[in-house]
Amino acid sequence: MYNRMHIIAASLAIIPAFASAQEVQTVKIGFSSPLTGPQASAGKDNQGGLQMAVERLNTQGLVIGGKKIKFEIVAEDDQADPKSGVGVAQKLADQGVKAIVGPYNSGVTIPASRVYNDAGIVTATVASNPKITQQGFQTLFRVAASDSQLGGKMALYAAKELKIKTVSVIDDRTAYGQGLAEEFIKIAQANGIKVVSKDFTNDKATDFTAILTSIKGKKPQAVFIGGYAPQGGPIKRQMKQLGIDALLMGGDGICSPEMGRLGGDAIGESVYCTQGGTMLEKAKEGKAFADDYQKKFGRPAEVYAVSFYDGMMVIAQAMKAANSVEPKVYGPALAKIKYKGVAGQYEFDDKHDLKQSPVTIFRFKDGVPVALTSY
């Protein structure tokens with residue numbers, strides 16, 4: 001009896017030792033966004049979302065392919081520059097990452113996605129230009145709304161709810177800004193809005209006096225900016241200085257507290273923007289995410305923190321479903337996935353765009369975007 005009990009006790013003692021000795025596999029996840037330059041605030045916001053997802057996943061003790069998985073972020077600064085973004089893509093591919101969450105900018109994503117695709121790496125991007133998923137890359141997925149949804153819904157809201165009849169359009173000539181402006185113009189004109197002027201700037205500009213002086217003479221009811229907060233903030237501030245009494249509208253690129261920081265008291269209730277996803281504060285998970293983000297980083301989550309978080313979670317879900325961290329094995333599982341994330345439902349069409357991507361309209365109050373309605 002003693003011998004039998006002794007053997008059982010000894011064998012039980014082995015179990016925890018065996019479990020703790022289970023092989024741990026470190027899985028590298030690449031991150032590409034601007035971490036320096038005018039768009040650094042957005043890049044750091046994105047990085048925070050991914051970091052929260054990885055930390056949460058690493059507490060879950062995931063076992064994939066018989067190994068305990070530990071995710072590790074390899075973060076790179078693409079400077080919102082296409083050339084830098086391609087360099088980052090080659091660097092991350094050389095480091096053997098199993099997925100990329102990013103890039104942020106359409107102008108970076110279009111050339112960088114070719115490098116990732118050639119290397120067979122699954123990429124989850126928030127970049128919105130429709131051309132991105134029209135390339136037909138099997139490893140590329142868009143985890144946010146496209147320009148046609150973001151620009152088009154802003155135009156619909158302007159026509160139907162704000163009763164806008166005339167608009168001036170400015171775009172920053174980036175792939176994002178141009179695509180957004182084109183989609184806005186198309187839907188605006190189809191809904192009876194007259195585009196009284198089209199002007200171009202760039203994503204490094206800060207002085208818009210010449211463009212705005214020209215726009216002032218045309219007396220539009222609204223100005224639409226295809227671009228980002230580093231241009232949107234100064235544009236609205238300079239509109240106020242020049243006495244241009246018009247709404248400012250834009251897409252997700254201006255839908256952040258960075259507008260208030262750069263535009264000061266000009267950023268108020270006459271500024272509207274769109275963002276992919278449903279109203280976070282109306283969803284229990286959304287409010288919890290926003291609270292957790294604020295607590296962890298001491299700043300509010302901006303536009304895409306939640307998409308980078310969900311993007312990582314949906315990749316991990318596909319790895320679990322395929323029981324593999326290899327992109328060629330879990331990529332097909334990602335293409336077929338049905339996953340409820342914080343920002344909405346993740347299911348992909350044949351182009352790897354989201355089947356459903358609701359858009360939320362925001363209006364600024366005290367320099368911060370406040371959700372009005374999902375549209």
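Between the side chains of Y346 and Q317, no donor-acceptor pair is found at a separation under 3.5 Å. For the residue pair D353 / T133, a side-chain donor-acceptor distance below 3.5 Å is found, with atom types taken as modelled.
Heavy atoms of other residues, nucleotides or ligands lying less than 6.0 angstrom from CZ of R114 number 12 at most. Counted within 6.0 Å of CD on Q294, heavy atoms from surrounding residues, nucleotides or ligands total more than 12; the atom is thus considered enclosed. Counting heavy atoms of neighbouring residues, nucleotides and ligands inside a 6.0 Å radius, atom CG of D245 does not exceed 12 of them.
Between K219 and T166, the closest side-chain pair of non-hydrogen atoms is not below 4.5 Å. When side chains are defined from C-beta on, P257 does not count as touching R299, because their heavy atoms never get closer than 4.5 Å. Counting heavy atoms from C-beta on, the side chains of I170 and F208 never come closer than 4.5 Å. Contact of the F141 side chain with the I315 side chain is not registered, since no non-hydrogen atoms from C-beta on lie closer than 4.5 Å. Residues Q221 and L162 have side chains not in contact (no heavy-atom distance under 4.5 Å, counting atoms from C-beta outward). Side-chain contact between Y157 and T274 is absent, with no heavy-atom pair separated by less than 4.5 Å.
Here the closest non-hydrogen pair linking A318 and A333 is O-CB, 3.8 Å. Closest approach of D147 and A175 over heavy atoms only: OD2-O, 4.4 Å. Of all heavy-atom pairs between V196 and P220, the closest is CG2-CB, 3.9 Å. Of all the heavy atoms in S128 and Y176, the pair that sits closest is OG-CD1, 3.2 Å. Taking all atoms of both residues into account, the shortest heavy-atom contact from S197 to I215 is OG-CG1, 3.8 Å. Counting all heavy atoms, side chain and backbone alike, K355 lies closest to D349 at CG-N, 3.8 Å.
Between the side chain of T139 and the backbone N or O of G120, no donor-acceptor pair lies under 3.5 Å. The closest donor-acceptor contact from the side chain of N191 to the backbone of L156 lies at 3.5 Å or more, if one exists at all. With hydrogens and angles disregarded, a donor-acceptor distance shorter than 3.5 Å links the side chain of K163 to the backbone of K160. Under the 3.5 Å distance criterion, the side-chain polar atoms of D310 are left unmatched by any main-chain donor or acceptor of G341. Here the side chain of T123 pairs no donor or acceptor atom with the backbone of L140 at under 3.5 angstrom. The main-chain N or O of D171 is never found under 3.5 Å from a side-chain atom of Q178 such that the two would form a donor-acceptor pair. Looking only at distances, no side-chain donor or acceptor of N105 sits under 3.5 Å from a matching main-chain atom of G107. Side-chain N or O atoms of K236 include none that pairs as donor or acceptor with a backbone N or O of L248 at under 3.5 Å. For the pair Q231 (side chain) and D203 (backbone), a donor-acceptor distance under 3.5 Å is present. Although no hydrogens or angles enter the test, the distance criterion places a donor-acceptor pair under 3.5 Å between the side chain of R142 and the main chain of A127.
Of the inter-residue distances, the one linking T206 atom OG1 with R237 atom CZ reads 8.5 Å to the nearest 0.5 angstrom. Expressed to the nearest 0.5 Å, how far OG1 of T373 lies from CD of E161 amounts to 7.5 Å. Note that the NZ atom of K194 and the CD1 atom of I164 stand 15.0 Å from one another [nearest 0.5 Å]. Taken from NZ in K338 to CD in E347, the straight-line distance is 5.0 Å, to the nearest 0.5 Å. Remark: D366 CG to E269 CD distance equals 8.0 Å, nearest 0.5 Å. Of the inter-residue distances, the one linking D172 atom CG with L180 atom CG reads 9.5 Å to the nearest 0.5 angstrom.
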Task: I110 and I132: CA distance, side-chain angles, deciding distance, side chain to side chain contact (heavy atoms under 4.5 Å, CB included) verdict - done: CA-CA 6 Å; I110 290 168; I132 289 165; 3.6 Å; yes
TODO: Check step by step if side chain to side chain donor-acceptor pair (under 3.5 Å) holds for Q135 and S113.
DONE: CA-CA 9 Å; Q135 297 173 103; S113 60; 3.1 Å; yes
Task: V115/D118 under side chain to side chain contact (heavy atoms under 4.5 Å, CB included): CA gap, chis, key distance, verdict - done: CA-CA 5 Å; V115 177; D118 289 350; 5.9 Å; no
TODO: Test side chain to side chain contact (heavy atoms under 4.5 Å, CB included) on H352 and Q138 and set out the steps.
DONE: CA-CA 8 Å; H352 295 174; Q138 286 306 298; 4.2 Å; yes
TODO: Tell me, with the steps shown, if F348 and V143 meet side chain to side chain contact (heavy atoms under 4.5 Å, CB included).
DONE: CA-CA 9 Å; F348 298 100; V143 292; 4.1 Å; yes
Task: Residue pair N46, S33: steps toward the side chain to side chain donor-acceptor pair (under 3.5 Å) verdict - done: CA-CA 7 Å; N46 301 341; S33 279; 3.1 Å; yes
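Between D292 and R56 there is a salt bridge, since at least one side-chain N of the basic residue sits less than 4.0 Å from a carboxylate O of the acidic one. Electrostatic pairing of R261 and E302 counts as a salt bridge here, judged by a charged N lying under 4.0 Å from a carboxylate O.
Residues V167 and I185 share a single hydrophobic cluster, defined by chaining ILVMFWY side chains whose heavy atoms lie under 4.5 Å apart. Y330 and Y116 are assigned to two separate hydrophobic clusters, defined by single-linkage of ILVMFWY side chains at heavy-atom distances under 4.5 Å. Placement of M52 and L35 within a single hydrophobic cluster is found when ILVMFWY residues are connected by side-chain heavy-atom separations under 4.5 Å, directly or transitively. The cluster map of Ile, Leu, Val, Met, Phe, Trp and Tyr, joined by side-chain heavy atoms under 4.5 Å apart, puts L150 and M154 in the same cluster. Under the 4.5 Å side-chain heavy-atom criterion for Ile, Leu, Val, Met, Phe, Trp and Tyr, V325 and V97 are members of distinct hydrophobic clusters.
Pairs passing the disulfide (SG to SG under 2.5 Å) check and including a residue from residues 200-316, sequence neighbours excluded, read C255-C273. The salt bridge (charged side-chain N to carboxylate O under 4.0 Å, His left out) analysis of residues 75-102, with sequence neighbours excluded, yields the pairs E76-K91, K98-E326.
Relative orientation of the Y104 and Y304 rings is perpendicular, given thresholds of 30° and 60° on the angle between their planes. The aromatic rings of F184 and F224 lie parallel to each other, their planes meeting at an angle below 30°, with 60° marking the opposite boundary. The aromatic rings of F297 and Y293 are tilted relative to each other, their planes meeting at an angle between 30° and 60°.
Considering V223, T201, I235 in turn, T201 is the only one that fulfils the side-chain contact (heavy atoms from CB on, under 4.5 Å) rule with I211.
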